[in-house]
Structure formats: C-alpha cells, structure tokens
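Reckoned from all heavy atoms, side chains included, excluding hydrogens, waters and symmetry mates. Here the structure is a predicted model, which is why all the values come from computation and not from measurement. Atoms within each ligand, like the ligands themselves, are counted from 1 in listed order.
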Amino acid sequence: MERLDKFLSDAGVASRRELKTLLKTGAVQVNGRPAPDGAAKIDPAADLVTFRGAPVERPRRVVLMLHKPAGYVTSTEDPRDRTVMELIPDRYRRQNVVPVGRLDKDTEGLLLLTNDGELAHRLISPRRGVEKRYYARHEGTATEEDTAAFAAGLSLRDGTLCRPAVLKPLGPGESEITVTEGKYHQVRRMMASRGLPVTYLRRDREGSLFLSSLPAGECRELTEAEIAAVDAADAAKR
Ligand code: URA
C-alpha cells in the first residue's frame with residue numbers, strides 16, 4: 001500500500017504540492033470514485049487510478065550505469081558545458097533519469113543515474129557508507145605514511161575531516177583510493193593534502209558494481225538483481 005499523492009507524483013502527474021488542489025477538483029479517481037485525499041492509501045497493483053479519465057501507470061524503475069568520459073558535467077542542464085544527460089539515450093531521458101551523486105567534470109568512470117528518487121537518496125547518503133573506489137594518476141609516489149594517514153582519517157587543508165579511507169599505492173604516480181563519503185572534490189583534495197596532486201581520476205567501483213568493460217561514453221541498464229545487490233550490501237552497513 002502506498003499514499004495516493006506519492007503514487008501520483010512518482011508517475012509524473014503533478015508535484016505533491018500541486019496535487020493538493022488538483023485532488024480537490026475530483027480530477028483523480030480511484031476505482032471510479034473521486035479521491036480528494038492525497039494521504040489515502042492505495043494498492044498500485046490492484047487499484048485503478050485515473051487522472052482526467054486516463055489510467056495512471058507507475059513508471060518503470062530504471063537504473064543506469066554510465067562510463068562518464070572527462071569533459072562532461074554531472075548535471076541535468078548547464079549553460080556552458082556538455083552534461084552527462086547528452087550521453088543518455090532519449091528513451092531513458094523521457095523516463096526522467098537523473099544522476100546519483102556527482103563526478104567532477106574532469107573525472108571519468110562509473111556514474112549511476114536513476115528515476116527512483118528513494119534509491120538515489122539511499123545510495124548517496126553518507127550514513128550508508130557505500131564504498132567508492134578510484135584509480136588515480138598523480139604527481140609523486142604514495143608511501144606507507146600516506147596510507148596510514150588515509151586510514152586514520154585525513155584532515156584537509158581547510159580543516160575538513162574525512163572518514164578513514166584506503167590508499168593503496170600501485171607504483172610511482174599511481175594509486176587506488178577507496179572512500180565511503182562524497183565530499184566536494186574529495187579524492188583530489190585528499191591526495192593534494194598529502195602532496196600527491198591528481199592528474200587523472202577514474203571511479204571503477206561503487207558498492208558491488210564495477211565499471212568492468214563498459215566503454216567510455218556508453219551506458220547500460222542495471223538488472224533488478226544488480227540493483228537488489230547494491231541496495232542489500234549497503235543496507236547491511238546501516
Ligand atoms: N573525488 C574527486 O575529487 N572528484 C570526483 O569526481 C570524485 C571523487
């Protein structure tokens with residue numbers, strides 16, 4: 001069972017606020033009867049909801065994994081730059097998918113987009129502690145002291161405290177970094193605070209999802225099993 005106003009706003013009929021007035025006009029009917037109260041509970045699988053005579057259908061949930069190339073901003077609109085939405089096929093844009101969290105313009109890699117607002121909220125909530133793994137090329141070479149400082153929780157140049165994170169040096173000028181939060185320019189600022197400025201950054205993993213061989217600039221739909229796995233893995237950490 002779910003609230004009628006939530007069902008209608010998720011289906012794109014109108015915003016929760018607009019619905020208040022709309023419902024009073026009798027434009028929405030449930031099983032043939034005017035339904036003036038947005039708080040009323042309906043069973044979307046069993047009840048027939050109509051708006052101005054036409055059936056209202058629950059939009060299908062879509063979760064996309066995009067391999068974001070550098071040069072695109074994570075935003076639905078931008079006056080100057082190309083946005084990640086330009087890389088998404090029209091049929092998905094029509095289903096109102098939006099980015100979950102963000103990657104900087106110059107960062108590449110795994111970016112999720114979805115039309116399920118609650119799932120998006122769960123995935124970006126720092127309380128969920130979803131692990132995000134990055135591959136970085138940088139100046140200098142990371143040392144054991146850098147790894148220990150990441151593990152202890154870094155204090156950035158402006159005083160921002162970071163949660164403990166994993167820094168794995170891969171060789172001169174190359175490291176893997178795993179964080180569980182998403183502060184502004186987080187990885188670049190963490191690395192800069194250790195004198196290791198980043199020159200290339202790519203996100204390879206988010207929770208149980210890996211970028212794998214998805215080519216840059218392309219996206220694919222996640223299966224329900226993959227969505228359930230990200231959700232369950234993160235729920236276990238709450
Ligand atoms: N950290 C950064 O600095 N940039 C990103 O895009 C993601 C994480």
Side-chain angles (χ1 to χ4, degrees), residues 63-78 80-88 97-114 120-142 146-147 149-170 173-212 214-219 230 233-234 237:
V63 186
L64 300 177
M65 177 194 289
L66 170 71
H67 184 160
K68 177 193 170 302
Y72 289 79
V73 292
T74 307
S75 168
T76 50
E77 280 174 89
D78 194 276
R80 271 172 299 127
D81 285 311
R82 292 178 295 180
T83 75
V84 291
M85 299 311 289
E86 292 171 39
L87 300 163
I88 304 299
V97 299
V98 292
V100 178
R102 67 190 293 281
L103 287 179
D104 299 337
K105 182 175 167 187
D106 293 336
T107 303
E108 300 182 6
L110 196 167
L111 180 71
L112 296 178
L113 296 99
T114 184
H121 185 73
R122 285 203 297 280
L123 293 179
I124 54 177
S125 164
R127 275 187 296 134
R128 302 291 301 263
V130 180
E131 288 185 350
K132 292 161 209 118
R133 195 185 73 194
Y134 295 84
Y135 165 79
R137 286 202 285 270
H138 50 83
E139 291 174 23
T141 298
D146 295 318
T147 301
F150 267 60
L154 286 176
S155 168
L156 301 182
R157 286 174 179 161
D158 67 355
T160 305
L161 292 178
C162 298
R163 283 188 182 173
V166 180
L167 169 68
K168 187 171 146 196
L170 299 176
E174 263 188 315
S175 298
E176 196 177 86
I177 300 109
T178 306
V179 297
T180 57
E181 50 190 351
K183 296 186 199 300
Y184 181 66
H185 290 335
Q186 177 145 5
V187 173
R188 292 175 197 275
R189 288 160 72 210
M190 288 169 100
M191 294 295 279
S193 79
R194 299 296 306 173
L196 302 164
V198 167
T199 52
Y200 170 86
L201 190 61
R202 183 181 69 231
R203 180 152 74 197
D204 288 330
R205 175 166 83 84
E206 195 161 346
S208 55
L209 299 170
F210 290 80
L211 195 56
S212 304
L214 186 66
E218 296 205 2
C219 69
V230 216
D234 304 331
K237 297 211 190 84

Residue D104 vicinity, atoms of ligand 1 by number, heavy atom under 4.0 Å: 2 (C), 3 (O), 4 (N), 5 (C), 6 (O)
Closest to atom 3 (O) of ligand 1 (judged by heavy-atom distance), picking from H185, K68, R202: H185
Where on T107 is there a heavy atom closer than 4.0 Å to ligand 1, on the side chain, on the backbone, on both, or on neither? side chain
Heavy-atom distances under 4.0 Å are what count here, so tell me which part of L201 touches ligand 1: side chain, backbone, both or neither. side chain
Checking R188 against T107: is there a side-chain donor and acceptor pair closer than 3.5 Å? yes
Looking only at non-hydrogen atoms, find the nearest pair between [X] and [Y] and report the distance.
X: R163; Y: E181; result: N-OE2, 2.7 Å
X: V84; Y: L66; result: CB-CD2, 3.9 Å
X: T76; Y: P99; result: CG2-CD, 4.0 Å

Give me the one residue out of R205, R203, E174 that meets side-chain hydrogen bond (donor to acceptor under 3.5 Å, both in side chains) with Y135. E174
Looking only at N/O atoms, are Y134 and ligand 1 under 3.5 Å apart anywhere? no
Are any of the N/O atoms on V187, whether in the backbone or the side chain, positioned under 3.5 angstrom from an N/O atom of ligand 1? yes
